[in-house]
J.: 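Below you'll find the structure I mean.
Quick caveat, the model's predicted, so the values are computed rather than measured.
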Amino acid sequence: MDSTARKLYNVHGFDSRQHLEYYFSDKSEMIFAEDSLIFPMKTLTETFSLGHIKGDILIDLSLGSMIHHLYAACEFFKHIIVLKVNDRCILELKRWVDTRTGAFHWGHAAQLHADIKGSSDQLEDKEGKVRSALQHVMKCDLEKENMTEPLVLPLADCVISFLLLENISKDQDDYIRYIRKFSRLLKPGGHLILIGVTNTTYYTVGGDKYLSFSYDENYIRNVLVGEGFIIDSCKVKKRTVVSDLTDYKTVIFFTAHKITRTE
């Protein structure tokens with residue numbers, strides 16, 4: 001398929017509920033659980049449990065309306081600020097935060113988090129903690145110098161970006177430009193967590209194909225180092241599922257921290 005015929009998430013938007021159903025639900029036909037749910041949640045839980053990444057403020061810049069990657073984070077940050085590029089994703093997310101009728105069911109993610117931790121906590125309590133942490137859900141404009149204009153956000157201890165960068169970038173210049181914007185949201189020494197997919201060109205939502213920027217592990221390493229980060233860890237999971245909904249090859253997980261003057 002010609003890439004010019006594909007849509008771009010931050011330009012055209014998508015049906016956020018269908019995106020969740022296709023890639024993150026507990027339905028039997030959802031075949032991406034190992035890559036989209038288990039690997040990110042397990043790796044995040046392991047990362048935060050080391051105790052190096054924590055603080056007052058975490059900023060989440062991720063694709064669509066997913067929240068499962070924040071189950072582990074809410075235990076290590078007082079405030080989580082979620083930034084979204086379109087209103088439809090904000091409405092879908094707030095429907096869950098406010099426990100409205102028809103909200104997407106994330107109970108399987110709460111159960112998965114409990115299983116990973118080996119915790120006997122009540123799932124309702126865990127979902128309540130996540131909801132309490134997600135009271136700051138805001139729209140952003142990634143093309144503005146201050147993406148939350150006119151509001152100025154406090155600098156964050158950590159920024160998480162899950163599947164966003166490859167799905168808003170048309171080319172290498174775009175990717176680097178957005179990394180720089182994300183870096184400006186961080187305190188010196190603050191951490192950046194990137195969860196993405198490599199060697200992908202498209203993904204499908206609601207019958208529409210969306211453009212993805214294709215990169216590999218070495219590209220991300222070079223970008224992070226070039227933009228003033230020290231890479232702390234990298235984990236890669238090869239794709240095993242067969243589906244024509246998307247064509248990624250691996251799921252990749254990076255943690256890095258912003259260089260301080262003493263480093």
J.: Which atoms form the tightest heavy-atom contact between Pro154 and Ile57, and what is the distance?
T.: CG-CD1, 3.2 Å

J.: Using the rule given for ring pair (Phe, Tyr, Trp, His ring centres under 6.0 Å), can you reason through Phe104 versus Phe24, listing the C-alpha separation, both sets of side-chain angles and the distance that settles it, and then say yes or no?
T.: CA-CA 10 Å; Phe104 185 76; Phe24 303 99; 8.3 Å; no

J.: Which residue, Leu192, Asp232, Leu224, Ile193, forms the side-chain contact (heavy atoms from CB on, under 4.5 Å) with Phe254?
T.: Leu224

J.: Do Phe39 and Leu44 make a side-chain contact, defined as non-hydrogen atoms from C-beta onward lying under 4.5 Å apart?
T.: no

J.: Does Ser212 have any side chain to side chain donor-acceptor pair (under 3.5 Å) partners at least two apart in sequence or in another chain, and if so, which?
T.: Asn167

J.: Counting C-beta onward and ignoring hydrogens, is there a side-chain heavy-atom pair between Leu164 and Tyr178 closer than 4.5 Å?
T.: no

J.: Do Ile80 and Val152 share a hydrophobic cluster (ILVMFWY, side-chain heavy atoms under 4.5 Å, transitive)?
T.: no

J.: I'd like to know if Arg88 and Glu92 make a salt bridge, using a cut-off of under 4.0 Å between side-chain N and carboxylate O.
T.: no

J.: How far does NZ of Lys139 sit from CG of Leu83, to the nearest 0.5 angstrom?
T.: 12.5 Å

J.: Measuring only between side-chain heavy atoms, which start at C-beta, is Lys237 closer than 4.5 Å to Thr250?
T.: no

J.: State, with a plain yes or no, whether a side-chain heavy atom of Glu75 is found less than 4.5 Å away from one of Lys54.
T.: no

J.: Taking side chain to side chain donor-acceptor pair (under 3.5 Å) as the definition, give me every residue that meets it alongside Arg180, ordered by chain and number, with sequence neighbours left out.
T.: Glu227

J.: Walk me through whether Ile220 and Asn222 qualify under side chain to side chain contact (heavy atoms under 4.5 Å, CB included).
T.: CA-CA 5 Å; Ile220 302 302; Asn222 290 334; over 6 Å; no

J.: Quick check: is Leu91 connected to Met138 through a chain of hydrophobic side chains (ILVMFWY, heavy atoms under 4.5 Å apart)?
T.: no

J.: Any side-chain to backbone donor/acceptor pair from Thr204 onto Gly207? Under 3.5 Å, distance only.
T.: no

J.: To the closest 0.5 Å, what do you measure between OG (Ser214) and CD (Gln172)?
T.: 10.0 Å

J.: Please give me the minimum heavy-atom distance between Ser36 and Met30, naming the atom from each residue.
T.: OG-CE, 4.2 Å

J.: Has Ser183 got a side-chain atom pairing as donor or acceptor with Ile179's backbone, closer than 3.5 angstrom?
T.: no

J.: Under 3.5 Å, is there a donor-acceptor pair between the side chain of Arg17 and the main chain of Cys89?
T.: no

J.: Side-chain contact test, heavy atoms from C-beta onward, threshold under 4.5 Å: evaluate it for Asp208 versus Tyr203 and give yes or no.
T.: no

J.: Do any N or O atoms from the side chain of Arg6 and from the backbone of Thr201 form a donor-acceptor pair under 3.5 angstrom?
T.: yes

J.: Has the side chain of Asp157 got a donor or acceptor atom that lies under 3.5 Å from a matching backbone atom of Asp56?
T.: yes

J.: Quick one: salt bridge (charged side-chain N to carboxylate O under 4.0 Å, His left out) partners of Lys238, sequence neighbours excluded?
T.: none

J.: Are the side chain of Lys84 and the backbone of Gly64 linked by a donor-acceptor contact shorter than 3.5 Å?
T.: yes

J.: Does the pair Lys94/Asp98 count as a salt bridge with the N-to-O cut at 4.0 Å?
T.: no

J.: If you apply the rule side chain to side chain contact (heavy atoms under 4.5 Å, CB included), what do you find for Ser25 with His105, and how did you get there?
T.: CA-CA 8 Å; Ser25 74; His105 175 69; over 6 Å; no

J.: Tell me if the centroids of the rings in Tyr9 and Tyr210 come within less than 6.0 Å of each other.
T.: no

J.: Between Asp60 and Leu70, is there a donor-acceptor pair closer than 3.5 Å when you use the side chain of the first and the backbone of the second?
T.: no

J.: Side-chain contact test, heavy atoms from C-beta onward, threshold under 4.5 Å: evaluate it for Thr99 versus Arg131 and give yes or no.
T.: yes

J.: Can you tell me if Thr148 and Asn146 form a side-chain donor-acceptor pair at under 3.5 Å?
T.: yes

J.: Should the ring pair His68 and Trp106 be called parallel, tilted or perpendicular, given that the plane angle runs from 0 to 90° and is split at 30 and 60?
T.: parallel

J.: Tell me, please, which residues at least two apart from Thr255 pass side chain to side chain donor-acceptor pair (under 3.5 Å).
T.: Ser233

J.: Angle class for the His191/His257 ring planes (parallel below 30°, perpendicular above 60°, tilted otherwise)?
T.: tilted

J.: Could you walk me through whether Val85 and Ile168 pass the side chain to side chain contact (heavy atoms under 4.5 Å, CB included) test, one step at a time?
T.: CA-CA 10 Å; Val85 302; Ile168 60 175; 5.5 Å; no

J.: Hey, could you give me the OG/OH distance between Ser243 and Tyr22, rounded to the nearest 0.5 Å?
T.: 10.5 Å

J.: Report the residues that fulfil salt bridge (charged side-chain N to carboxylate O under 4.0 Å, His left out) with Glu34, sequence neighbours left out, ordered by chain and then residue number.
T.: none

J.: What's the separation between atom CD1 in Ile252 and atom OG1 in Thr198, rounded to the nearest 0.5 Å?
T.: 6.0 Å

J.: Less than 4.5 Å apart, side chain to side chain, heavy atoms only: is that true for Pro40 and Phe253?
T.: no

J.: Does Lys209 make a cation-pi contact with Tyr202, if we ask for NZ or CZ under 6.0 Å from the ring centre and within 45° of the axis?
T.: yes

J.: Could you tell me whether Arg239 sits above the aromatic face of Tyr248, with NZ or CZ closer than 6.0 angstrom to the six-membered ring centre and within 45 degrees of the axis?
T.: yes

J.: Would you please name every residue forming a ring-ring contact (aromatic ring centres under 6.0 Å, His included) with Tyr23, sequence neighbours left out?
T.: His19, Phe32

J.: Working to the nearest 0.5 angstrom, can you tell me the gap between Cys74 SG and Leu134 CG?
T.: 8.0 Å

J.: Using a 4.5 Å cut-off on heavy atoms from C-beta on, say whether the side chain of Glu21 contacts that of Lys27.
T.: yes

J.: Can you see which heavy atom on His69 is nearest to which on Ser62, and at what distance?
T.: NE2-OG, 3.3 Å

J.: Quick one: CG on Leu63 to CD on Glu166, what's the gap to the nearest 0.5 Å?
T.: 8.0 Å

J.: Take atom NZ of Lys181 as the centre, draw a 6.0 Å sphere, and report whether it contains more than 12 heavy atoms from other residues, nucleotides or ligands.
T.: yes

J.: Is there a path of hydrophobic side-chain contacts, each under 4.5 Å between heavy atoms of I/L/V/M/F/W/Y residues, joining Leu155 to Leu58?
T.: no

J.: For Leu165 and Leu194, which heavy atoms make the closest approach, and how far apart are they?
T.: CD1-CD2, 3.6 Å

J.: Test of understanding: clusters of I, L, V, M, F, W, Y form through side-chain heavy atoms closer than 4.5 Å, transitively. Do Leu50 and Ile53 belong to the same one?
T.: no

J.: Start with the C-alpha gap between Leu185 and Met147, add the side-chain angles, then the distance that decides, and say whether side chain to side chain contact (heavy atoms under 4.5 Å, CB included) holds.
T.: CA-CA 10 Å; Leu185 297 173; Met147 65 179 69; 4.2 Å; yes

J.: Where does the angle between the aromatic ring planes of Phe213 and Tyr215 fall among parallel (under 30°), tilted (30 to 60°) and perpendicular (over 60°)?
T.: tilted

J.: Using modelled atom types and a 3.5 Å cut-off, is there a donor and acceptor pairing between side-chain atoms of Ser161 and backbone atoms of Leu61?
T.: yes

